[in-house]
Amino acid sequence: MTPQDLLARDAAAVAGIEKLRFFPIALESGKGSWLTEVGGRKLLDLSATWTACGLGHGHPKIIEAMTKAAQTPAGAGGLSAVHPDSVGFAEELLALTPGEGERRVYFGHAGTDANEVIFRAARMATGKRRIVTFKLGYHGGIGISMGVSGVHIDAGATPDPDLYLATYPNPFRPHADGPDPVQASLEASIAEIDEELAKGDVCVLMAEPILSDGGMILPPKGFLTALHATCRKHDVLLAVDEVKMGLGRPGVLHAFQLDGITPEIVTFGKVIGSGLPLSAAVAPAWVIDGPPATALLTTAGNPICTAVGRQVMRTLVEEDLPTRAGRAGKRFMTGLREVMTQSPVIGDVRGAGLAIGLELVTDKETMTPDPKLAAKVVFRAFQLGAVVHYVGGNTLEITPPLIITDDEVDTAVSILAQSITDAHSGIVTDEDIAPYAGW
């Protein structure tokens with residue numbers, strides 16, 4: 001079987017509604033930070049399946065936990081029975097997630113349903129309807145979570161009728177004027193949010209600590225602190241969506257720790273299941289401890305996924321992966337910034353730990369975003385042996401497994417540099433990328 005054979009079968013059998021493709025990739029296995037295509041070609045994974053495989057592929061401790069739990073599973077979920085791994089995981093997650101007061105843990109299958117339950121529960125618990133999220137934000141692919149995601153709304157999804165989309169401050173592209181445009185943009189965003197929350201009908205504000213799918217935007221230092229203070233001023237719950245950027249990736253265990261805050265609600269997904277369907281939300285008991293049977297998923301909290309989730313959290317701590325990600329990210333960004341000095345089309349390299357964005361532009365004078373170049377660069381990187389995607393139209397999202405080595409980082413920098421040079425010189429054609437819409 002060739003990659004083309006498998007891709008043809010996929011096209012004939014799997015629903016296109018769930019596909020987001022950037023190049024013709026057909027995989028048969030993975031190990032560590034590497035993926036293997038059908039036919040044997042190796043590719044360096046700089047996506048970690050959109051961060052879900054944050055511990056890499058085939059981590060021995062995850063294999064052990066998964067295998068042990070699968071041999072004698074205690075049923076298939078936590079809906080109508082308890083078992084040691086669901087209870088133990090909830091206890092451990094509470095211990096590892098900063099917070100105040102009495103809290104509870106919700107278990108789900110993906111970040112989408114963890115966020116969905118928070119939106120629904122906040123409405124029920126507060127008696128208020130309105131939700132505040134951010135333009136270019138992403139909180140899920142179905143239901144309320146989709147309807148409050150700026151990325152989906154921009155693509156044509158119907159917005160939730162009780163949604164307000166606020167402006168996320170972008171240091172690379174400030175939206176306000178002043179002696180310090182970055183600080184002015186932070187203050188303008190907070191003033192905008194303050195005005196909305198003052199209306200008194202907002203049940204929850206959900207924010208990403210790093211706006212990932214909207215373009216790997218790191219907000220100005222102090223933004224989350226000011227945002228939390230504004231929420232507290234108006235007695236509004238602050239929920240931080242850590243699904244994609246949390247759990248070690250930014251060089252700290254929780255991305256909200258980059259700004260030193262303790263939000264009321266935190267949602268988790270992707271890496272927490274190390275590739276298995278698992279998500280979680282930690283929230284005040286008065287928000288998510290009832291009413292019973294209002295958020296039902298038969299296999300949520302199942303013993304295999306929760307056993308893996310427990311091992312993921314242990315591994316993050318025992319192997320000090322946040323610190324490792326911080327070191328690797330510094331090496332990665334140093335290499336990319338050296339490439340940027342020689343490239344006419346790299347506008348910015350930004351990040352925290354192994355959450356890195358590389359923004360491509362038509363030229364450094366106008367800094368005009370270049371989405372077509374981004375599509376060609378990720379296609380060329382695939383040809384040269386690396387998996388990387390773009391977000392926000394023109395920004396490479398570089399989120400490799402947290403266990404990436406120094407040699408692999410250097411290899412990645414080299415491949416990305418060559419990919420950008422080749423794509424800019426015209427090696428990849430419009431026809432090459434036409435079948436792959438990406439975002």
Side-chain angles (χ1 to χ4, degrees), residues 46-48 50-51 134-138 150-151 167-176 180-186 189 207-225 227 241-242 244-246 248-252 255-259 322 325-364 366-371 373-374 377-378 381 388-400 402 404 409 412-413 416-417 419-420 439:
L46 304 183
S47 167
W50 300 99
T51 76
F134 288 89
K135 299 170 186 174
L136 302 179
Y138 183 92
V151 168
T167 307
Y168 200 93
N170 180 351
F172 184 61
R173 299 184 184 276
H175 68 282
D180 183 346
V182 173
Q183 181 63 25
S185 294
L186 184 158
S189 290
E208 295 170 85
I210 299 172
L211 199 68
S212 54
D213 292 304
M216 290 301 289
I217 299 168
L218 278 75
K221 186 70 175 175
F223 173 65
L224 291 181
T225 300
L227 184 64
D241 180 342
E242 297 256 331
K244 196 172 179 184
M245 293 289 107
R249 179 158 299 283
V252 289
F256 60 76
Q257 292 172 319
L258 292 170
D259 227 19
R327 288 197 302 264
K330 288 180 181 177
R331 184 183 188 95
F332 216 138
M333 283 188 279
T334 296
L336 291 174
R337 284 170 179 153
E338 289 176 1
V339 175
M340 182 171 67
T341 63
Q342 305 299 318
S343 173
V345 293
I346 300 177
D348 192 32
V349 172
R350 52 184 176 261
L354 287 172
I356 301 170
L358 185 155
E359 186 158 346
L360 294 162
V361 296
T362 57
D363 60 86
K364 290 186 177 180
T366 66
M367 291 295 186
T368 302
D370 197 339
L373 178 61
V377 169
V378 301
V388 64
H389 304 121
Y390 64 85
V391 292
N394 68 311
T395 299
L396 304 190
E397 181 186 84
I398 302 166
T399 55
L402 307 183
I404 193 171
V409 167
V413 170
L416 291 173
S419 300
I420 293 167
W439 285 104

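Quick caveat, the model's predicted, so the values are computed rather than measured.
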Please enumerate all residues that pass ring-ring contact (aromatic ring centres under 6.0 Å, His included) together with Phe332, with sequence neighbours excluded. none
Search all heavy atoms of Ile404 against all heavy atoms of Leu354 and return the closest pair with its distance. CG2-CD1, 3.9 Å
What heavy-atom pair brings Thr395 and Gly215 nearest, and what distance separates the two atoms? CG2-O, 3.6 Å
Could you check Lys244 against Thr399 for side-chain contact (heavy atoms from CB on, under 4.5 Å), going step by step and ending with a plain yes or no? CA-CA 10 Å; Lys244 196 172 179 184; Thr399 55; 5.8 Å; no
To the nearest 0.5 angstrom, please state how far the CG atom of Leu358 sits from the CG atom of Leu336. 5.5 Å
Side chain to side chain contact (heavy atoms under 4.5 Å, CB included) involving Lys330 - partner list, sequence neighbours excluded: none
Considering all heavy atoms, the nearest Ala352-Leu258 contact: CB-CD1, 4.1 Å
Apply side chain to side chain contact (heavy atoms under 4.5 Å, CB included) to Ala355 and list each qualifying residue two or more places apart in sequence or on a separate chain. Ile210, Met216, Met245, Arg249
Taking the side chain from Thr368 and the backbone from Val361, do they hold a donor-acceptor pair closer than 3.5 Å? no
Would you please classify the geometry between the Trp50 ring and the His389 ring as parallel, tilted or perpendicular, with 30° and 60° separating the classes? parallel
So, using side chain to side chain contact (heavy atoms under 4.5 Å, CB included) as the criterion, who are the partners of Ala417 when residues are at least two apart? Val339
Which pairs with one or both residues in residues 334-352 pass side chain to side chain donor-acceptor pair (under 3.5 Å), sequence neighbours excluded? Asp348-Arg350, Arg350-Glu359
Taking only residues two or more places apart in sequence, or in another chain, which ones meet Asp370 in a salt bridge (charged side-chain N to carboxylate O under 4.0 Å, His left out)? none
